[in-house]
Structures are given as structure tokens and as C-alpha cells.
Amino acid sequence: MELRKDPITRSWVVVGHREEAPTGAEGCPLCPNPSAKSPSILAIPPGVDWQVRVVPHIDPLYRIEGDTGRKAEGIFDRMQPIGAHEVIVETPEHSRQLSEFSDEAIERVLTAYASRIADLKRDSRFKYVTVFKNHGVLAGEEWPHSHSQLTAAAFVPRRLKYELRAAREWFREKERCVFCDILRQEEKSGKRIVDTQGDYAAMCPYAARVPYETWLIPRKHNHLFEAPGLGANRLHFAALLGRTLRRLEKVSVAYHMVVHTAPNTRNPKGQLAGYWTTLAEDFHWHIEILPIVQTRSKSYSIKEVYFNTLLPEQAAEHLRKLDPNA
Ligand SMILES: [Zn+2]
Ligand SMILES: [Zn+2]
Ligand SMILES: [Zn+2]
């Protein structure tokens, strides 16, 4: 496994062969197994009666040891895929899905996300830590047991780089956060707001890439998912996430969910790298959910341009009307 940089798009690609995740034969690898010696990276609550547990991925894309060994190959760049790849087992119960959890149980999962992100960001080699969830076979889920995955990498992924650059430029021009601006306008019109709870909102973005694309975002500015601001109530966010997932599961067969938080700004000396000076003001964390909807008029991307067959304001209206508790 190695990382290669595309010199045109400047994005890093993990290249190499990967084994199929072992499933089936020895039973579910995510179910509690008292005889297994696999150590937990984190267990909530600690001990054998965990409700949420984080374990290393058995076939990781990134590995924790060593240096990036960044080097040139002629004009090209490559490096070792150092980083971390963990699995967040969201429940000890094999067939209970995240959307069916109580708000408190969802909050525990979010706490596990936050605690792992914060811990890995202490390592200055890791530039970006993210948590994602592929739910459903069509989303490429690795095991049916409810779980998410975390990766820490020595580079910032391309989509995030675009967001960070755009947010920084917006701030430079207007001295305002672009996400706060979007949210203010969306809340005023209400057209694309799906639901709110406390200081959090769920909305379909103006230029949604796929039908029912939904973002969850704090209404108070904060760039770090892992460090909720003073008075932030994660239980409110958990309740909103649960309702949103239940709504989306009524219209889609699978989804991708990804946490977008600020990148790691520490350099090896623990200082803030120069170009991130306004990060705390210009970036705003959020969670993006991209559902996979099976329709006859397929949404797809033609030559890298997304073609979405459903207007986001119609998507939001439909989602608002769905009863998440029915
Ligand atoms: Zn299981
Ligand atoms: Zn903001
Ligand atoms: Zn984003």
C-alpha cells in the first residue's frame, strides 16, 4: 500500500491491493467476544460491558508506525500510508442500527467519535482525522453490524481542501464564516431546512449532489466537531441525527455519512502552521450525509459533474413531512 499524488488535481490516492474483509466464517468480528484478545482502543463504559467500542481495523488502509517517507519519483510524489484506521463498533447488539438507537446511545457514539479525533490530532504527523459511516450494502459497508470508521492521514483529502480554501477566501473577503452565512440565509427562507433541535440544524444544501443530500450543522459557529463549545448540548445533536437518519432511511436504501471537522494545525513543534491563521473563524464543522436512492431516473455524475434529479427544496419538504418516529 502506498500513497501517490496526482500532479494535476494534487489529490492523494491510496494505491495497492487490499484483502476482502474477512466475514462470516468465524462469526461477526464486531460482536462482543469474551475469548478474543483484540484490545479496545476505547470502550464506553470501560470494561467488558461496553456499549460503544473502538478497535483497530483488521485490514487497515493506513498504519500507525513510521514516517511518511515522502519522496519524489521523477516529477511524481509518493509517501507511505502512515495514519490510523479504526472501527467504531456502535453497539454490542448485532442487528440494531444507529437510526434505531436511543438519543443517549447515539450521543455515546458521537462522544467516541470526538474522543478518538481529539486523541489522534495530538499526533502532529496526522494532518486530517475523519469519521465516516457507510450504511447498507450499496454504500459499501464492510460488516452488517452497526459501525463507523475513522481514518487519520498525513494529508488533507481533496474535498476538504476545497472547502477549507473556499472558507478561508470567503472569510478574507467578508470577515464572515461562509457556513454561518449559508445557515442564516437558509433559516430565513426555511425552504431547505429539514429539522432543528437546540443549537443544531439539518438542511438540504443548495447545490445538493444527490437526492436528499443532507447536512447537519451547529447553528453557533464552531470549527471543531471534537470540541463542542461552551453550553453545546451533544444530546440535542444526537436526537437530530437520529431523526434525520430515520427520515432518510424512508427514502433511501443506503447512505454515506462523513464528519467534516477542521484539520490538524499542529506542526511537530506544536505550533500553528502559518496558513491556518483564520481557521477557527473561517471553518465550521458539519456532517454530510449522501443517501443512495434507487430511482428510475438515475442521478449520476457525468464527466465529474453531479446530476441530481431532485431539487433540494423538494427533498427538504418531503423529509420534513416524514414522521421520523413512525
Ligand atoms: Zn455482530
Ligand atoms: Zn460559522
Ligand atoms: Zn463538508
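All residue numbers refer to positions in the sequence shown, counting from 1. Counting convention: from 1, in listed order, for ligands and their atoms alike.
The N, O or S atom of His260 lying closest to the Zn ion (ligand 3) is ND1. Nearest to the Zn ion (ligand 2), among the N, O or S atoms that His221 has, is ND1. Closest to the Zn ion (ligand 3) among the N, O or S atoms of Glu288 is OE2. Closest approach between the Zn ion (ligand 3) and any N/O/S atom of Glu163 involves OE2. The name of the N, O or S atom in His284 nearest to the Zn ion (ligand 2) is ND1.
At the Zn ion (ligand 1), the angle from ND1 in His94 to SG in Cys31 is 100° when rounded to 10°. Rounded to 10°, the angle that ND1 of His145 and SG of Cys28 form at the Zn ion (ligand 1) is 110°.
At a threshold of 2.8 Å, the Zn ion (ligand 2) has a backbone or side-chain N, O or S atom of Cys177 nearer than that distance.
Other residues, nucleotides and ligands contribute over 12 non-hydrogen atoms within 6.0 Å of the NZ atom of Lys5. Heavy-atom contacts from other residues, nucleotides or ligands closer than 6.0 Å to CG of Asn325 number more than 12.
Ring-plane geometry between Phe132 and His85 is classed as tilted, the angle between the planes lying from 30 to 60 degrees on a 0 to 90 degree scale. Using the six-membered ring where Trp is involved, Tyr113 and Phe225 have ring planes that are tilted, between 30° and 60° apart.
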For the pair Trp170 and Asp181, evaluate side-chain hydrogen bond (donor to acceptor under 3.5 Å, both in side chains) and give the outcome as yes or no after the intermediate values.
-> CA-CA 10 Å; Trp170 188 278; Asp181 276 7; 3.0 Å; yes
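Just one residue in the list His260, His223, His286 forms a ring-ring contact (aromatic ring centres under 6.0 Å, His included) with Phe179, and that residue is His286.
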